[in-house]
Every structure is written in C-alpha cells, then in structure tokens.
Amino acid sequence: MYDIIIIGGGPAGLTAALYARRADKNVLVIEKETFGGQITFSPKVENIPGFLELSGNEFAEKLVDQVVNQGADFESCEVQRIIDGETKTVVTDSGDFESKAVIIATGAKHRTLGLPGEEELIGEGISFCAVCDGAFYKNKTVAVVGGGNSALQEAILLSDLAKKVYVIQNLDFLTGEQKLQEQLRSKENVEIICGTVLSGYKSNGSDIVGVTVKNQNDGAESEISLDGVFLAVGLVPQNDCFADVIELDERGYALADETCKTKSKGIFTAGDCRTKRIRQVATAAADGAVAALAACDYIDSL
C-alpha cells in the first residue's frame with residue numbers, strides 16, 4: 001500500500017510527488033499519456049521561475065528526473081475510478097492500487113477543433129496561451145479562434161505584440177464581456193470576423209502559413225495568411241470518473257479552494273482540474289505543494 005497515489009503526471013502532480021517524497025511518504029504517480037503534461041507541447045517557455053528559457057519538454061524531463069531521484073514510483077495506465085474508504089483503491093486499466101490518500105491532478109485539456117493535421121501543428125503554430133507564447137509572434141500575424149472572455153483577453157494581449165490579429169468567432173456576435181469587446185474594438189490592428197468557422201490549416205510541412213475560413217451564412221470559403229493560431233474555445237477537465245467521490249461544478253471542475261481539499265477526507269485535488277481563476281505552470285506547481293502537504297497532514301493524523 002502507498003501513502004499517497006497521485007493521479008496525473010503534469011506539473012501539479014509531479015510537484016505533489018516531490019513534496020510528498022521529501023516528507024518521507026511513499027508515492028505512486030499514475031499518468032495515462034505523457035509525463036510532464038501539456039507543457040510538453042510548448043517549444044519555448046520563458047515564464048517558469050529560475051529559467052531564462054527552455055522547451056516544455058526540457059522542463060518536463062527535469063521535473064520527472066527530480067521526482068525519480070526522490071524515489072517515487074510511476075505507472076503508465078488510465079484511472080477508471082476511486083473507491084473511497086478507510087483506504088483508497090484506485091482502479092485502473094492495469095489493475096488496482098491502494099493508498100491512504102489520493103491527489104487528483106488530472107489537468108484540463110484545451111478543446112481543439114478536430115481538423116486534419118491539427119494535432120501535428122500544436123506547438124508548431126497552434127498555441128493555447130498568449131501569456132506563454134505570444135512573444136514568439138511579435139510583429140507577426142496571428143488569429144484567435146473564439147469569442148468568449150478568454151479569447152478576447154488573448155486577442156487583447158496579442159494586439160500589443162503582433163502586427164495583425166484576427167478574431168474568428170463562429171457565432172454572429174462575440175460572447176465576452178462588453179468592456180473586453182470595447183477594448184478589443186479600439187485596437188487598430190485587430191479584425192473581428194463573426195459568423196465564421198476556421199475550416200482548415202495551411203502549412204509548409206512544419207509551420208502554419210495560413211488558414212481556411214468558412215462563412216456560416218453563405219458557405220463561402222476564403223484564406224487568411226498568418227503565422228500562428230491561438231485556440232480559445234474552452235477547456236475540458238478530466239474529472240468525469242471521480243464524480244462519485246468529489247464534487248464537480250457545472251463545467252466538470254473539481255470543487256476545491258486554495259486548500260486543495262475535496263468533500264472526501266483523504267482525497268485532494270491540484271492544478272488545472274480544480275476550480276480556479278489562473279491556470280499556469282506556476283499555479284499548478286503551487287497547488288501540488290499545497291495538496292501534498294495537506295495529504296501528509298491527513299496521513300499523520302490517522
């Protein structure tokens with residue numbers, strides 16, 4: 001039996017493992033995809049404390065190596081559910097694992113459009129974070145896909161860096177706050193295209209060079225030459241299989257405050273999968289530390 005099982009191998013989960021091991025707890029980290037999380041899609045990262053710049057893969061490798069060096073165990077499998085009790089049973093497609101406490105750090109996936117070639121272009125012209133990647137498009141042309149608050153905030157930030165910013169919204173109107181709309185419309189280098197969907201990507205084999213867009217009303221297609229696309233069409237938290245042991249909000253995020261505690265004793269949550277306003281590597285790591293220390297306190301109180 002483990003002291004703590006951590007579900008999710010991104011910055012939140014790996015930081016939790018680091019803190020738990022340093023508290024002398026035996027730890028298992030379970031990840032169904034890539035250890036390191038979505039940061040691995042970023043070719044260059046400049047907002048991680050302590051590093052002038054590095055790739056997302058480099059950061060993930062350093063973090064994984066650090067946790068391995070501390071003695072955590074790792075399993076690559078998919079968690080199906082948690083059975084809550086005096087001990088916790090984590091049921092996976094590769095067998096069951098038991099622990100005294102569980103930290104859910106499954107993250108939230110950025111919603112994509114499902115277009116041909118999209119997955120291959122993530123990190124090669126397709127991005128999800130203007131704070132992370134906006135500087136790479138200084139004096140270039142970009143498009144933001146989406147019309148909600150997140151999309152408008154991304155476009156406003158990018159307008160201060162890029163030569164030209166297109167905002168592509170499938171509805172006939174923007175859905176973000178009026179103040180954000182007014183701020184965006186005041187930008188001379190921003191062009192808002194409503195009632196239009198992004199229907200395809202154009203690349204030179206490795207990088208994006210343009211997109212195809214389709215008017216929703218008349219079906220007319222046209223092309224836009226650009227250097228990058230920022231998708232802001234929502235996030236999908238990975239919490240569905242935990243709905244019987246933790247509370248989820250209407251969007252599927254784990255209901256937990258800065259203590260990272262859920263309604264179930266001994267089950268904690270950390271990172272992008274929980275209810276929070278800011279979702280960045282730094283805040284995910286902070287959650288991981290908080291959740292790990294809370295889990296250690298819980299175990300010590302048993």
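Note that these values count all heavy atoms, side chains included, but never hydrogens, waters or copies made by symmetry. Just so it is clear, the model here is predicted, and its values are computed rather than measured.
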Is the closest side-chain heavy-atom distance between Phe242 and Thr106 below 4.5 Å? yes
With side chain to side chain contact (heavy atoms under 4.5 Å, CB included) as the criterion, how do Arg185 and Ile192 come out once you've worked through the C-alpha distance, each side chain's angles and the decisive distance to 0.1 Å? CA-CA 8 Å; Arg185 294 183 193 280; Ile192 300 171; 3.7 Å; yes
Within a radius of less than 6.0 Å around CG of Asp300, do more than 12 heavy atoms belonging to other residues, nucleotides or ligands occur? yes
Evaluate the side-chain proximity of Cys194 to Gln169: yes if any heavy-atom separation is below 4.5 Å, no if none is. yes
Looking only at heavy atoms, the pair that brings Val290 and Cys260 closest together is CG1-SG, 4.0 Å
At their closest point, which heavy atom of Leu121 faces which heavy atom of Asp207, and how far apart are they? CD2-C, 4.4 Å
Does any non-hydrogen side-chain atom of Ile7 lie less than 4.5 Å from one of Ile82? yes
Quick check: are there more than 12 heavy atoms from other residues, nucleotides or ligands sitting under 6.0 Å from NZ of Lys163? no
Glu33 side chain near Thr40 side chain, heavy-atom distance below 4.5 Å: no
Side chain to side chain contact (heavy atoms under 4.5 Å, CB included) between Val213 and Ser222, intermediate numbers included: CA-CA 6 Å; Val213 296; Ser222 58; 3.3 Å; yes
Checking Gln153 against Leu180 for the side chain to side chain contact (heavy atoms under 4.5 Å, CB included) test, could you report, in this order, the C-alpha distance in whole Å, the side-chain angles of both residues, the deciding distance, and whether it holds? CA-CA 7 Å; Gln153 289 165 345; Leu180 289 175; 4.0 Å; yes
With the 4.5 Å side-chain cut-off for hydrophobic clustering, are Ile168 and Ile126 part of the same group? yes
Min side-chain heavy-atom separation Pro237-Arg251 under 4.5 Å: no
Between Asn189 (side chain) and Ala162 (backbone), is there a donor-acceptor pair under 3.5 Å? yes
For Ala105 and Ala12, work out which heavy atoms get closest and say how close. CB-CB, 4.2 Å
So, for Ala60 and Gly36, which heavy atoms are closest and what is the spacing to 0.1 Å? CB-CA, 3.6 Å
Would you check if Ile193 and Ile224 make a side-chain contact, meaning some heavy-atom pair closer than 4.5 Å? yes
Single-linkage hydrophobic cluster Val29~Val79, side-chain heavy atoms < 4.5 angstrom: no
Within 45 degrees of the axis of the six-membered ring of Phe128 and under 6.0 Å from its centre: does Arg279 put its NZ or CZ there? no
Pairwise side-chain contact, Arg21 with Val67, heavy-atom cut-off 4.5 Å (strictly under): no
Backbone N/O of Tyr137 and side chain of Asp227: donor-acceptor pair under 3.5 Å: no
Is any side-chain heavy atom of Glu221 closer than 4.5 Å to a side-chain heavy atom of Ser199? yes
Would you please test Leu54 and Lys62 for side chain to side chain contact (heavy atoms under 4.5 Å, CB included) and show each step? CA-CA 11 Å; Leu54 76 171; Lys62 289 176 182 294; 4.2 Å; yes
May I ask you to check whether over 12 heavy atoms, not counting those of Phe35, lie within 6.0 Å of atom CZ? yes
Please determine whether salt bridge (charged side-chain N to carboxylate O under 4.0 Å, His left out) holds for the pair Lys187 and Asp160, giving the CA-CA distance in whole Å, both sets of side-chain angles, and the decisive distance to 0.1 Å. CA-CA 9 Å; Lys187 303 284 187 177; Asp160 293 331; 3.2 Å; yes
In this structure, CD1 of Ile48 is separated from CD of Glu53 (nearest 0.5 Å) by 11.5 Å
Ignoring hydrogens and angles, tell me if any N or O in the side chain of Thr269 forms a donor-acceptor pair with the backbone of Arg274 under 3.5 Å. no
Between Asp287 and Ala270 (side chain of the first, backbone of the second, donor and acceptor by atom type, cut-off under 3.5 Å), is there such a pair? no
Residue of the set Thr87, Asn26, Asp3 for which side-chain hydrogen bond (donor to acceptor under 3.5 Å, both in side chains) holds with Lys100: Asp3
Kindly check if the number of other-residue, nucleotide or ligand heavy atoms within 6.0 Å of NZ (Lys25) is above 12? yes
Nearest heavy-atom neighbours spanning Asn215 and Asn217: OD1-N, 2.7 Å
Determine whether more than 12 heavy atoms belonging to other residues, nucleotides or ligands lie under 6.0 Å from atom CD of Gln178. yes
Spacing of Glu31 atom CD and Ser76 atom OG [to the nearest 0.5 Å]: 7.5 Å
Are the side chain of Asp93 and the backbone of Glu78 linked by a donor-acceptor contact shorter than 3.5 Å? yes
Hphob cluster co-occupancy, Val145 + Ile122, side-chain heavy atoms under 4.5 angstrom: yes
Indicate yes or no for a side-chain donor-acceptor contact from Asn47 to the backbone of Cys132 under 3.5 Å, with no hydrogens or angles considered. no
Separation between CG (Asp272) and OG1 (Thr283), nearest 0.5 Å, reads 6.0 Å
From CD (Glu154) to SG (Cys129), nearest 0.5 Å: 6.0 Å
Can you tell me how far CZ of Phe74 sits from CG of Leu28, rounded to the nearest 0.5 angstrom? 9.0 Å
How about Lys202: does its NZ atom have over 12 heavy atoms from other parts shown lying under 6.0 Å from it? no
Does Lys214, at its NZ atom, have more than 12 non-hydrogen atoms belonging to other residues, nucleotides or ligands within less than 6.0 Å? no
When rounded to the nearest 0.5 angstrom, what is the spacing between OH in Tyr201 and CG in Leu113? 4.5 Å
If Ile, Leu, Val, Met, Phe, Trp and Tyr residues are connected whenever their side-chain heavy atoms lie under 4.5 Å apart, and connections chain through other members, are Tyr253 and Ile246 in the same group? no
Determine whether a donor-acceptor pair (N or O, by modelled atom type, separation under 3.5 Å) exists between the side chain of Thr92 and the backbone of Gly95. yes
Taking Asn170 for its side chain and Val197 for its backbone only, find out whether a donor-acceptor pair lies under 3.5 Å. no
